[in-house]
Number of protein chains: 2
Amino acid sequence: MNIGEIARRSGVSRSTVSYALSGKRSVSEATRQRIQSVIDELGYRPNAAARALKEGRTRTLGLVVPPVRDRLTFMQLDFVASVMAAADRADLDVLLSPAADDHDRSFERIVGGRRVDGVILMEVRLKDPRVERLRDMGLPFVTIGRTARPQDTCWVDVDYASLAERCANHLVDLGHRHLALVNRSAELVASGYGPAHRAREGFNEAVARRGVEGFEFCCADNAAAGESCVQEILRTHPEVTAAVTVNEAALPGVQRALDRAGLEIPARFSVAGVAARYWAEQFHPELTAADVPAADMGAAAVEFLIGRIAEPDSPPPHHLFTPPISLRNSTGPAPTPR
Amino acid sequence: MNIGEIARRSGVSRSTVSYALSGKRSVSEATRQRIQSVIDELGYRPNAAARALKEGRTRTLGLVVPPVRDRLTFMQLDFVASVMAAADRADLDVLLSPAADDHDRSFERIVGGRRVDGVILMEVRLKDPRVERLRDMGLPFVTIGRTARPQDTCWVDVDYASLAERCANHLVDLGHRHLALVNRSAELVASGYGPAHRAREGFNEAVARRGVEGFEFCCADNAAAGESCVQEILRTHPEVTAAVTVNEAALPGVQRALDRAGLEIPARFSVAGVAARYWAEQFHPELTAADVPAADMGAAAVEFLIGRIAEPDSPPPHHLFTPPISLRNSTGPAPTPR
DNA sequence: TTGTAGGCGTTATCAG
DNA sequence: CTGATAACGCCTACAA
């Protein structure tokens, strides 16, 4: 079923069918309706590949997600969902690529084969070969997170430095003098993952400025790691009475370790952090946390990307999200030593 | 950068470049290497749209996921991840569509525009308009879950009936005489969602055969609903000592409600069910459950789909997964009444 | 208001 | 072993 068939059955030329569909030149109401009824009857839809070839654009966005061996966090999942929703609103399709670097086959297929008009890159690292590749290709892209040189790329990000700092300040205000930071995994830190680095900076900044003690712990993105991380904190630094966490996937384990140690929250131990709202509400009592606005970020990323596809040479916009810290029930005054 | 440019710079014709790349006819080693070096230098990759137009296939699979307003469960997420991994292994791309019915724009774009060679349909309902549409279009597809007439479609599914039945039997064997079923949401049941219907059937079957009492409760897919569902069970049927659950997202709430009611697991209350392994291990104590093999299912679905794309007229294969119930620590002998 | 024709980048058939 | 050429289905400049 192609445009020629529709033209034949409507008794007009192919161009008339095309114009009737696109509205780019006027078509008499009579022929227009005749064409439309043939189209409806046969269920014709223009072939996407032919259209892409002719127009030089695919009406498709690439979404590069972290490789699948690690489960996506809820935050990432919310982000994917909101990108899909925003793309759908703009009548754009989303092609998924699980790629950690620019040599991954799916990345190569999508970028090299020009299967997409633009790319959203999740979990970008401070120095990221995928960014170089996209720039070389001249393919519009938006990163989630900043590279080390953010001034000339288009990005959206969460201000982990300021959020970690504010969480730490909040705990110090409550009288805590010995804080732990539950950061992301050591591998992520080593690979130059921005949020982990910036969370560390913000935490250290607050700790130094307020003159209290702070200890950083890296923790893999799962409950079991969260549990052993907290156990290690309690063992090596029993004086710690509060933790800042930027590792939402570890939260159930953090909870379990504190429960098992008999440390009531917040009476004996306070926790504050950055997390998807889901995890914050899953915590018990609910977690005082900056709720990462993944849905807004996804929508913003798509909007930015559409803008860059339209005007590749315009200055790249970016937006740093600094969501408010929602005061819930997991933080309280430091326990008085007995 | 196109094949003509490569041909020009290599001093050969476009067809020779094409054949050098595909290997579909022999090319002398000398010219082959010359071509390859030009390709490497310029970073040429065939344009996917042109190739799709010419070959009549897109090398892309469509993955229709449940609409994004409801968060994907871990089971669904595992499934998506495994589909992506399997597709990547076969050098196929994955186009995502969040579509609940056949009129959703993204479904229409993907299916109508022939953007994919085949479709994997998640969360299929007993009567599903998307299935009709795909059949009408003659587009190969695999469903996750069965329709009411499964004999002539290709599918993979979990045998919820048998698993619910076996969970119930296990609990009866332990001496429980009053069981509850924590099913999926009432809306899902009303919309003809197969797993919910079949879980009900299996549960009822076991209860009837064993001569014990069983009560079914519908429960939305989230922790809060799980909590109030268990509260309702305890309030309306205090004689219930055990539950079968097929609602993994409700598990944290089930746990919390039992904790708050002071019902120790498994001493005072037993729980068994079907869940992604993640949730089973998240439960405390770990949940006796059939671990849904989402990863295997995703791989099987992709394999089936590739087969159907290759031979659309072959009899449609299907596979019913019946994973073993892993005995963990959430089930025990019925408490003796006091 | 409508029709004709060329070309987007590939692959594959037919000649040589 | 290689080259010219037609087609895939669509859009649009040009012509009527």
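The structure presented is a predicted model; accordingly, all values stated were derived computationally and were not measured. First the proteins, then the strands, lettered A, B, ... as listed; each starts at 1.
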Sugar-phosphate or base contact per nucleotide [nucleotides 10-16 of chain D; S, B, -; heavy atom under 4.0 Å]: BBBBB--
Between Arg57(B) (CZ) and dT10(C) (P), how many Å, whole number? 16 Å
In this structure, which one of Val64(A), Thr147(A), Val142(A) forms a side-chain contact (heavy atoms from CB on, under 4.5 Å) with Val124(A)? Thr147(A)
For Val80(A) and Met122(A), what are the C-alpha separation, side-chain angles and deciding distance, and is it a side-chain contact (heavy atoms from CB on, under 4.5 Å)? CA-CA 9 Å; Val80(A) 171; Met122(A) 286 178 71; 4.0 Å; yes
At 10 degrees resolution, what angle do the end axes of the helix from dT1(C)-dA16(D) to dG16(C)-dC1(D) form when each is taken over five base pairs? 40°
Using a heavy-atom cut-off of under 4.0 Å over every strand shown, decide if Gly11(B) touches base, sugar-phosphate, or nothing. sugar-phosphate
Taking Ser82(A) for its side chain and Ala294(A) for its backbone only, find out whether a donor-acceptor pair lies under 3.5 Å. yes
Could you tell me how far apart Arg115(A) (CZ) and dT10(C) (P) are, to the nearest whole angstrom? 14 Å
In terms of heavy-atom contacts, Pro98(A) and Met84(B) come closest through CB-CE, 3.5 Å
Could you tell me if the side chain of Val131(A) sits less than 4.5 Å from the side chain of Leu121(A), heavy atoms only? yes
For Thr60(B) against Arg115(B), the heavy-atom pair lying closest together: CB-O, 3.8 Å
Do Thr16(B) side-chain atoms and Arg14(B) backbone N/O form a donor-acceptor pair below 3.5 Å? no
Taken to the nearest whole Å, CZ/Arg59(A) to P/dC8(C) is 19 Å
Checking side-chain contact (heavy atoms from CB on, under 4.5 Å) against Phe304(A), which of Ile120(A), Val156(A), Ile309(A), Thr143(A) comes through? Val156(A)
Which of these nucleotides, dT2(D), dC1(D), dG9(C), is closest to any side-chain atom of Val27(B)? dT2(D)
Send over the distance from Leu53(A) CG to dT11(C) P, rounded to a whole Å. 12 Å
Between P on dC8(D) and CZ on Arg114(B), what's the gap in Å once rounded to a whole number? 16 Å
